Asks: 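Encoded as structure tokens, here's the structure I'll be asking about.
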Amino acid sequence: MRAFKKTMLALGAAIIVATFVSSTFAATTVKVILWDKGAATPMGTGMGYGMPLAAPSKATMGVIATPATAAAGVVSFQVTNTSKDTVHEMILVYLADPKQPLTYSESDSKLVEDKIGYIGEVSELDPGKSGTLTKVLKPGEYLLICNVAGHFMAGMWTKFEVTK
Ligand SMILES: [Cu+2]
């Protein structure tokens, strides 16, 4: 009888701990929209992160994250390409120093993915398609970027913040 009581107590404690842990590390779901004004619209340039011309109102394609912030822990990005005619992707980048420009290759019209704090991606989504990226994130500044040639400079990036 005593042993049974002890077992029940231990079981109760385990359930309490499990509940606490799962609520502390609850996953945040972020909806990410990849959009553009259509292939007939000339792509903008010079609108990459931190660039003088960067202005969301002028971008011809972009990334929208809702919410644009999450608590540290598991974050799940549900990404949808809403374009009618263009392939897009979402790359998650950690900014070690948000004031530093990202390493960019003019010849490829792309960011250099192994030099920009690359964490993971939902790669090349056809128009109308969706994908998910789930990662454990520490506090800090992040970017969500499309790195199809030319798209970053056309304004296809957004900030994402992870808080403590
Ligand atoms: Cu794109």
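All heavy atoms count here, side chains included; hydrogens, waters and symmetry mates do not. Keep in mind the model is a prediction, meaning the values are calculated, not measured. Counting starts at 1 for both ligands and their atoms, following the listed order.
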Asks: For the side chain of S105 and the backbone of K110, is there at least one donor-acceptor N/O pair under 3.5 Å apart?
Replies: no
Asks: For K129, is the NZ atom crowded, meaning more than 12 foreign heavy atoms sit under 6.0 Å from it?
Replies: no
Asks: Can you list, by chain and residue number, the protein N, O or S atoms under 2.8 Å from the Cu ion (ligand 1)?
Replies: H88 ND1, C146 SG, H151 ND1, M156 SD
Asks: Looking only at side chains, do T29 and S76 share a donor and an acceptor under 3.5 Å apart?
Replies: no
Asks: Is there any side chain to side chain donor-acceptor pair (under 3.5 Å) pair reaching into residues 135-147, and which pairs are they, with sequence neighbours excluded?
Replies: E113-N147
Asks: Under a 3.5 Å distance rule, please check whether T69 uses its side chain to pair with a backbone N or O of E161 as donor and acceptor.
Replies: yes
Asks: Angle between ring planes, W157 versus Y49, binned at 30° and 60°: parallel, tilted or perpendicular?
Replies: perpendicular
